[in-house]
Trainee: 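My structure is below; once you've seen it, I'll send some questions.
Just the heavy atoms: all of them, side chains too, but no hydrogens, waters or symmetry mates, feed the values below. Order of the sequence lines sets the chain letters (A, B, ...), proteins ahead of strands, with each chain counted from 1.
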Amino acid sequence: MPEGHTIHRIARDHRTLLAGRALRVSSPQGRFTDAVRVDGATLVDLEAYGKHLFHHWSTGEIGHIHLGLFGKFRVHRTAEPPEPRGAVRMRVTADDDGEPVTIDLAGPTACSVGPPHDRDVIVARLGPDPLRADADPDLAVHNMARSRRAMGALLLDQSVLSGVGNVYRAEALFVHGIHPRRPGTACSEHELRMLWTTLRDMLRAGVRSNRIVTVTRDELDLPRGARIPRREATYVYKRDRCLRCATPIAAIEVANRTCYHCPTCQPT
DNA sequence: ATACCATGAACAG
DNA sequence: TGTTCCTGGTATC
């Protein structure tokens, strides 16, 4: 289940497998009728922006995929790809003499192909993505600093900054002792700049490990080299008690989503 | 077997 | 602000 780190990791992994190769593109489920428009084309490159994934095709058109809450890719590296499992919206298969690869996409919120302008329209409504080299931190900082909306809402708003989801918002606000309902205007620019850095580092770690782990290993009482269980991997998200002060974690609604925080470490 | 919930976001009004 | 669309894991009967 995807926040921005998942999309950037997918772009990277799929680039290794598919970039520069001619692909067969189909829609076993039938709902992605535009598959025919890029069927047989070469996938020039993949691009991640926030939680959006773009396929740059040799036809000049650009594919757009958004996984939403449920979307998933499945990679098959066998010569004979298996029968599509469930409702496969898009299937791409390498159509050359290289390593066999088939990738299935199921359950996405968005899956389309269009002219570059369509991609530009989507990107234009996204705030800076901490995982991108071209991101402007100042823009994100000012987007937050001038808004009276709650920080918990601002971090989920993809036009403020892009790629952050419900887990990273809770974790980053905890690290900086910011209550999810604190208005953006009540944060200092320095605080917001540090928050950006924390989010960038958390997202980078997420790309590296392909999962969300925000705690550092030495904050846990675990044997060296042991895998961190999901419930132990966060400071406040879905925790019963704060990892740092053992106060019971509070769950409140912010921007229509459950936001976890520590009432002691994040008083205001 | 069924209900509910979730790391998302568009749309209606 | 509420409704709708995706899917799958876990909880509850």
Side-chain angles (χ1 to χ4, degrees), chain A residues 1-11 27-33 48-54 64-75 84-91 103-112 114 118-119 121-127 129-131 149-175 180-181 198-215 228-240 249 251-261:
Chain A
M1 282 117 235
E3 298 195 20
H5 69 295
T6 308
I7 312 308
H8 280 260
R9 177 59 180 250
I10 286 167
S27 181
Q29 172 205 44
R31 279 184 54 181
F32 177 41
T33 50
Y49 205 123
K51 300 172 190 169
H52 299 260
L53 180 69
F54 298 103
H64 171 232
I65 286 161
H66 194 294
L67 295 180
L69 215 43
F70 313 124
K72 270 185 182 56
F73 282 104
R74 276 199 193 87
V75 177
R85 183 148 43 109
V88 174
R89 185 80 54 89
M90 178 180 77
R91 162 170 281 192
I103 297 180
D104 288 342
L105 168 66
T109 288
C111 177
S112 63
D118 290 1
R119 176 256 178 216
V121 168
I122 291 162
V123 167
R125 40 167 229 258
L126 295 176
D129 171 357
L131 285 173
R149 294 166 61 209
M151 285 299 295
L154 291 170
L155 290 190
L156 282 190
D157 184 337
Q158 302 299 298
S159 67
V160 170
L161 79 180
S162 59
V164 175
N166 202 24
V167 181
Y168 284 125
R169 89 157 158 177
E171 296 296 292
L173 290 175
F174 169 81
V175 166
R181 292 214 211 273
T198 295
L199 286 166
R200 186 198 59 194
D201 292 347
M202 283 180 170
L203 284 159
R204 281 181 181 169
V207 175
R208 212 174 305 126
S209 62
N210 209 7
R211 59 185 295 226
I212 298 178
V213 179
T214 56
V215 304
I228 301 175
R230 202 194 309 259
R231 286 193 69 85
E232 300 287 320
T234 53
Y235 290 109
V236 292
Y237 183 79
K238 281 199 176 168
R239 273 215 183 234
D240 295 331
I249 293 302
I252 61 177
E253 290 271 309
V254 180
N256 298 318
R257 316 280 304 277
T258 305
C259 192
Y260 301 85
H261 70 284

Trainee: Could you check how far OH of A:Y168 sits from P of B:dT7, rounded to whole Å?
Mentor: 14 Å
Trainee: State which of C:dG8, B:dA9, B:dT7 makes the closest approach to the side chain of A:R74.
Mentor: C:dG8
Trainee: Is there a side-chain polar atom (N or O) of A:K51 under 4.0 Å from OP1 or OP2 of B:dA9?
Mentor: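 It does, given that an N or O in the side chain of A:K51 lies less than 4.0 Å from OP1 or OP2 of B:dA9.
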Trainee: Looking across every strand, which nucleic acid part, if any, lies under 4.0 Å from A:R231 by heavy atom: base, sugar-phosphate, or nothing?
Mentor: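 Touches nothing.
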Trainee: Over all heavy atoms of both residues, which pair between A:E232 and A:R239 is shortest? Give the atoms and the distance, please.
Mentor: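 Smallest interatomic distance, heavy atoms only, reads O-NH2, 2.8 Å.
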Trainee: If I pick the P atom on B:dA10 and the same atom on C:dG8, what distance separates them, to the nearest angstrom?
Mentor: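 Looking at atom P only, C:dG8 and B:dA10 are 22 Å apart.
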Trainee: Round to a whole Å and report the spacing from CD of A:E253 to P of B:dA6.
Mentor: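 These atoms are roughly 9 Å apart.
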Trainee: Judged by atom type as modelled, is there a donor-acceptor pair below 3.5 Å linking the side chain of A:E3 to the main-chain atoms of A:G50?
Mentor: no
Trainee: Please work out if A:R211 contacts a base, only the sugar-phosphate, or nothing of the nucleic acid, heavy-atom cut-off 4.0 Å.
Mentor: nothing
Trainee: Between B:dA9, B:dT7, C:dC6, spot the one nearest the side chain of A:F70, thanks.
Mentor: C:dC6
Trainee: Select base, sugar-phosphate, or nothing to describe what A:R230 touches, counting heavy atoms under 4.0 Å on all strands.
Mentor: base
Trainee: Remember a base hit wins even if backbone is also touched, and classify A:A87 as base, sugar-phosphate or nothing at under 4.0 Å, heavy atoms.
Mentor: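 Answer is sugar-phosphate: A:A87 comes under 4.0 Å of backbone atoms only.
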Trainee: Indicate whether OP1 or OP2 belonging to B:dT7 is found under 4.0 Å from a side-chain N or O atom of A:R9.
Mentor: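 Answer no for this pair, as no side-chain N or O of A:R9 is under 4.0 Å from OP1 or OP2.
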Trainee: Side chain of A:Y237: nearest nucleotide among B:dG8, B:dA6, B:dA10?
Mentor: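 Nearest to the side-chain atoms of A:Y237, counting from C-beta on, is B:dA6.
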Trainee: If we take the P atom in both B:dC4 and C:dT3, what is their distance in whole Å?
Mentor: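 Their P atoms lie roughly 15 Å apart.
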Trainee: Measure from CD1 on A:I7 to C1' on B:dA9 and round the result to the nearest Å.
Mentor: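 It works out to 13 Å between those atoms.
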Trainee: Please determine which of A:Y237, A:Y168, A:F174 meets the ring pair (Phe, Tyr, Trp, His ring centres under 6.0 Å) test together with A:Y260.
Mentor: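 In the set A:Y237, A:Y168, A:F174, the residue that makes a ring pair (Phe, Tyr, Trp, His ring centres under 6.0 Å) with A:Y260 is A:Y237.
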Trainee: In whole Å, what is the span from the CZ atom of A:F73 to the C1' atom of C:dG8?
Mentor: 18 Å
